[in-house]
Structures are given as C-alpha cells and as structure tokens.
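Step one of this worksheet: look at the structure below.
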Amino acid sequence: MPPEKARAVRFDRYGGRGVLYVAEIDMPSPGEGEVLVEVMAAGINPGEAGIRSGAMHEMFPATFPSGEGSDLAGVVVDVGPGVTQFSAGDEVLGFSLRRSSHATHTVVPVAQLIPKPPQLSWEVAGSLYVVGCTAYAAVQAVAPQPGENVAVSAAAGGVGSLVVQLLVQRRARVLGIASARNADWLRSHGAVPIEYGDGLAERLRDAAPDGIDAFIDLFGPDYIQLAVDLGVPPERIETIISFAKAGEVGAKTEGSMDASTPEVLAEMAELVASGAIDFDIAATYPLDRVADAYEQLEQRHTHGKIVLLPQPLNRYRPGRS
C-alpha cells in the first residue's frame, strides 16, 4: 500500500524560480481507468518554466496552487476501477496532462502510459515524453526527403539533438545550428555543424549553395525570419516556440501535443532503447532542489536532459532500472 502522504512541487503565483516549493499533500487516489504511479524520474522542460513565470498564461493558464511537470517514469503502486493494462509493480513511462509529475506520486490515465523498456534507465525514461514527442512532431511537420537540406536551430539541445538524429535517419542533410563547442557532437551524429551568431545567414548559404529546403526553429522568432530570408517556403518552416512569428509568416507550430499518443511514445522509446538514437542526461536533482534544476535549464546552454529524482533510484531491486 502507498503511504498516506505524497510530496509535490507547487507554486501559488506566477514568478521566478523562487515561487517553487515542495508541499506535503494527501496521497492521490486513482479513479476509473487510472493508476497511481510512484515517480522515479521526471524531466523538466522550458515550457514548464514559461507556465510558471506567466509568459504562457494566454495559452496555458495556471490555477493556483498549481502543480508542475509532464514527463514521468515510475512504478505502478495502485490501480483504479476498470484497469487491466497495468498491475501494481509494473514499470511505466509516460506523461501527465495535469501538471503533476514533479512529485513522489501522481495519478495518470492508462492511455498516457506505456511499459518501460528494461534497457532504459529511469533518468532517460522519465524525461523522454516532451522532447521525444516534440521532436517527432517537428520532423513530421516539415516532411523531410532524402538529400534535402534541413536547418535546425538549437540543434544540440534537448529537442534539437533528437530532431537532428531523426532527420539523419530519414537521410536528410542536416545543418545543425549551435555553439562551436557542440560541433563535434553534431558532426559525430551525421549533421553539418553551423555556428550561430553574426554571419549565420552567410554560413548557411555557403553550406547549402543550392538552397535550404526546410527549417526547424527550436529557439526563437529571429530564426523564423532567417528562414524566410533564406527562401524557405513558409509551409516548410516549423517552430515549437515562436507562435506569434509563425502566424505572421504562415509557418507551422506543431509540438508535443500533436504527437502525444502511446504509439509515438513507444516508437521513440524503442529507438532510444535499441541504441538507434542517443539520449543524453545532463544532470539530475532531488525533488527539493527543483529551483536549482530550473536555474541550470534557464541558462539555455545544456546539452541533454535535466531530470528530477523524487525517489532514491536504489529503491527497487537492482536490475529493475
């Protein structure tokens, strides 16, 4: 049986990292078609910081006190009525649409969970959903063809590193825009590294003298304008962040919600579990240090995922993670 209380990240008003705290709450109880998951790992994402700061209020308003977190992996500890897909003790990964994964325990509908492949560590499994489904949707949006030149901004970031690898798998020629220190990683994963900063347009033209066929923006609106200036058709420009600018030029804005299905998540999990795609973990933090985790995230220079660990990873017997 689960304990009577859980611990969860909360914030009572919009603001900086200082508004975050960890509260003791009543243990959630699973309803029809739901399971209670003891969360072993939960990734953090820029969108969550945007929600917490109020920057995304028009699109994703918060109701206070608000929970936080989408990514999760953990162990089923209780099941609600009608659940046959999972049993207590099953290892799962998936997502919460209730902003509730940054906690020791959370209730999740079974349609938002898949079995955790045994090859995946808790850290990887618990941070796969947002970046995996977002990368999948972004690549689908531009429909890359073999041999096409596809530029990607923030190409070595959490989403970008997966986008690059998915594009290479489709035999596109990837122009990965990132800092010089990420050039070796991009080159080793089949991309052409392009350093960001002054003169970027010229460097892209030099790298693709016949033109750029598609552009995936993972950083900001200036890259959408750059894509337009480079002659990329608007219907082949995709952004996961610059929604207003995309509306101005007619670019696409497909993201994780466009690919939030168990089938897509299972496909991405299998690609990572099989070694077909590398998935890097940059840092881990205990739940009580959630503000420190976001401080590192908000520097926007981290390669790989930052993950909260609400439970000690040795809580379950060796070999299960």
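Computed over heavy atoms, backbone and side chain alike; hydrogens, waters and symmetry mates excluded.
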Any side-chain heavy-atom pair of [X] and [Y] under 4.5 Å:
| X | Y | answer |
| --- | --- | --- |
| H189 | V168 | no |
| V19 | Y14 | no |
| K5 | D26 | yes |
| L204 | L226 | yes |
| V39 | Q311 | no |
| S260 | Y129 | yes |
| L72 | L113 | yes |
| L166 | L271 | yes |

Donor-acceptor under 3.5 Å ([X] side chain, [Y] main chain):
| X | Y | result |
| --- | --- | --- |
| E254 | E238 | no |
| E68 | F11 | no |
| S101 | D71 | yes |
| S127 | G43 | no |
| K305 | I44 | yes |
| Q112 | F95 | yes |

Under the side-chain contact (heavy atoms from CB on, under 4.5 Å) rule, what do W122 and L309 come out as? Steps first, then yes or no, please.
-> CA-CA 9 Å; W122 285 119; L309 303 178; 5.7 Å; no
To the nearest 0.5 Å, tell me how far [X] [atom1] sits from [Y] [atom2].
| X | Y | atom1 | atom2 | answer |
| --- | --- | --- | --- | --- |
| I224 | I237 | CD1 | CD1 | 7.0 Å |
| E123 | L128 | CD | CG | 13.0 Å |
| L175 | L200 | CG | CG | 10.0 Å |
| H102 | L308 | NE2 | CG | 5.0 Å |
| S66 | R13 | OG | CZ | 13.5 Å |
| T104 | E24 | OG1 | CD | 9.0 Å |

Can a cation-pi geometry be assigned to R99 and F60, taking NZ or CZ under 6.0 Å from the six-membered ring centre and within 45° of the ring axis?
-> no
Answer yes if W185 and V159 sit in the same cluster of Ile, Leu, Val, Met, Phe, Trp and Tyr residues linked by side chain heavy atoms under 4.5 Å apart, and no otherwise.
-> yes
ILVMFWY network linking V152 to V192, side-chain heavy atoms under 4.5 angstrom = no
For atom CZ of R171, is the number of surrounding heavy atoms from other residues, nucleotides or ligands below 6.0 Å larger than 12?
-> no
Heavy-atom closest contact ([X] atom, [Y] atom, distance):
| X | Y | value |
| --- | --- | --- |
| I25 | A8 | CD1-CB, 3.8 Å |
| A49 | E298 | CB-OE2, 3.6 Å |
| P30 | V79 | CG-C, 3.9 Å |
| V264 | T261 | N-OG1, 3.1 Å |

With sequence neighbours left out, what residues match Y223 under ring pair (Phe, Tyr, Trp, His ring centres under 6.0 Å)?
-> none
K116 and V92: side-chain contact (heavy atoms from CB on, under 4.5 Å), yes or no, with the steps?
-> CA-CA 5 Å; K116 181 179 85 68; V92 296; 5.7 Å; no
According to salt bridge (charged side-chain N to carboxylate O under 4.0 Å, His left out), who are the partners of [X], at least two apart in sequence or on a separate chain?
| X | value |
| --- | --- |
| D292 | R289 |
| D288 | R7 |
| E148 | R236 |
| E195 | none |

Among Q299, E48, R17, which one satisfies side chain to side chain donor-acceptor pair (under 3.5 Å) with Y294?
-> E48
CA sep, side-chain torsions, deciding dist, call: D90, Q85, side-chain contact (heavy atoms from CB on, under 4.5 Å) = CA-CA 10 Å; D90 287 348; Q85 298 93 327; over 6 Å; no
Show me, pair by pair, the donor-acceptor contacts under 3.5 angstrom made by side chains of residues 206-220, not counting sequence neighbours?
{"unit_1": "D213", "atom_1": "OD2", "unit_2": "N149", "atom_2": "N", "d": "2.8"}
{"unit_1": "D217", "atom_1": "OD1", "unit_2": "S153", "atom_2": "OG", "d": "3.1"}
{"unit_1": "D217", "atom_1": "OD1", "unit_2": "F219", "atom_2": "N", "d": "2.9"}
{"unit_1": "D217", "atom_1": "OD1", "unit_2": "G220", "atom_2": "N", "d": "3.0"}
{"unit_1": "D217", "atom_1": "OD2", "unit_2": "T239", "atom_2": "OG1", "d": "2.7"}
{"unit_1": "D217", "atom_1": "OD2", "unit_2": "S242", "atom_2": "OG", "d": "3.1"}

